Amino acid sequence: MKTIAEGYTKVILEAENPGQIIMRFKDTASAYHAIKRATIAGKGAYANRISARLFGLLADAGVENHFIKLLSDNEQLCQKTDVLPLRVIVRNIAAGSIVRRFGIEEGTAFKTPVYEMNYKSAQLDDPFMNSHMAVAMGFVSYDEMEHISRLAHRVNEVLIKVFADCGINLIDFKLEFGRTADGRLIVADEISPDTCRLWDKMSGQRLDKDRFRRDMGDIIEAYREVWKRVCGESDENK
Ligand code: TMP
């Protein structure tokens, strides 16, 4: 299978059907623009399965996304899209960069979700971007920007409930969007403990990539815990 693209944590491969791609999740972790890197055996499989389950639940809730089916422990089949060069970050509780940038105390609950956007460019340190810039730079129209906002809002609603039902607080997460061959914008990439902050409701224990970013240890145990709670009986390889 021919490689279309390779990042720090995933490889995108051609699929038999030219309208589809295969996402292969690697066992690598990276943070701070890949200044910090490590191999964590088993991480790829947990991220793959958790993301597959979440995208499946989003589809059930009417949120169109690129996921088609799981292929193996580390691979999933997805619809091929042109992924926009921007990330949408949704925050329910203050953590991570917003704490540093705005001096907000970690753990502060926002009155309404915070939506942020950044431009995907490691070289430029992923600068902040707003909807006017996204339109001005020709990435999307204002109507599409509105569609993206609605999708981000809906994804947050669905995922807050999915995680709450398994005893996890959804603190924040990152979304990416892809344009299909016929021009629709759908949710793409992955949603996993690599791209979300997830805190255990009872203990506040971090169950996400912050364990790697902040050298907290027990990374794979945290991913396994999320997989167990989110995928549960639905996962045939449990
Ligand atoms: P931040 O606090 O570093 O801005 O990140 C907010 C959330 O978005 C956090 O759950 C991690 C996720 N995220 C990614 O998955 N990829 C990225 O490139 C960025 C900037 C954030």
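Computed from a predicted structure; not experimentally measured. The basis for the numbers below is simple: all heavy atoms, side chains too, and nothing from hydrogens, waters or symmetry mates. In each ligand, atom 1 is the first atom listed, and ligand 1 is the first ligand listed.
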Report yes or no: does K120 have a heavy atom closer than 4.0 Å to ligand 1?
no
Would the distance check show the side chain of S51 and the main-chain N or O of N48 forming a donor-acceptor pair, the cut-off being under 3.5 Å?
no
Is the contact between K209 and ligand 1 made by the side chain, the backbone, both, or neither, using heavy atoms and a 4.0 Å cut-off?
neither
How far is atom 9 (C) of ligand 1 from its nearest protein heavy atom, and which residue and atom name does that atom have?
D172 OD1, 3.2 Å
Would you say N65's side chain and F67's backbone share a donor-acceptor pair under 3.5 angstrom?
yes
Atom 20 (C) of ligand 1 - nearest protein heavy atom and its distance:
N118 ND2, 3.9 Å
Nearest neighbour in protein (non-hydrogen) for atom 11 (C) of ligand 1
R213 NH2, 3.5 Å
T195 (side chain) donor-acceptor with S192 (main chain) under 3.5 angstrom:
yes
For ligand 1, which atoms, with element, lie under 4.0 Å from some heavy atom of D194?
15 (O)
Considering both backbone and side-chain atoms of R87, is one of its nitrogen or oxygen atoms within less than 3.5 Å of a nitrogen or oxygen in ligand 1?
yes
Protein contact of atom 19 (C) of ligand 1 - nearest heavy atom, named by residue and atom, plus distance
I89 CD1, 4.0 Å
Taking S203's backbone N and O only, do any of them form a donor-acceptor pair with D200's side chain (distance below 3.5 Å, no angle check)?
yes
Atoms in ligand 1 with a heavy atom of C196 nearer than 4.0 Å:
10 (O)
With ring centroids as reference points, do H147 and F177 lie under 6.0 angstrom apart?
no
Suppose we measure from atom 5 (O) of ligand 1 to each protein heavy atom; which comes out shortest, and what is that distance?
R197 NH1, 3.6 Å
Check if V99 has a non-hydrogen atom at a distance under 4.0 Å from any atom of ligand 1.
no
So, is R100 polar-close to ligand 1, with some N/O to N/O distance under 3.5 Å?
no
Heavy atoms only, cut-off 4.0 Å: how does I171 contact ligand 1, side chain, backbone, both, or neither?
neither
One finds that the ligand 1 atoms under 4.0 Å from a non-hydrogen atom of G96 are 2 (O)
Should the pair R229-D165 be classified as a salt bridge under the 4.0 Å nitrogen-to-oxygen rule?
no
Salt bridge between E106 and R91, side-chain N to carboxylate O under 4.0 Å?
no
Can we say E221 and R211 salt-bridge, meaning some charged N sits less than 4.0 Å from an Asp/Glu carboxylate O?
no
Nearest protein heavy atom to atom 13 (N) of ligand 1, by residue and atom, and its distance?
K174 CB, 3.6 Å
Give the residue, atom name and distance (to 0.1 Å) of the protein heavy atom nearest atom 1 (P) of ligand 1.
S97 OG, 3.4 Å
Say whether, by atom type as modelled, one donor and one acceptor occur between the side chain of T9 and the main chain of K26 under 3.5 angstrom.
no
Ionic contact status for K10 with D189, cut-off 4.0 Å:
yes
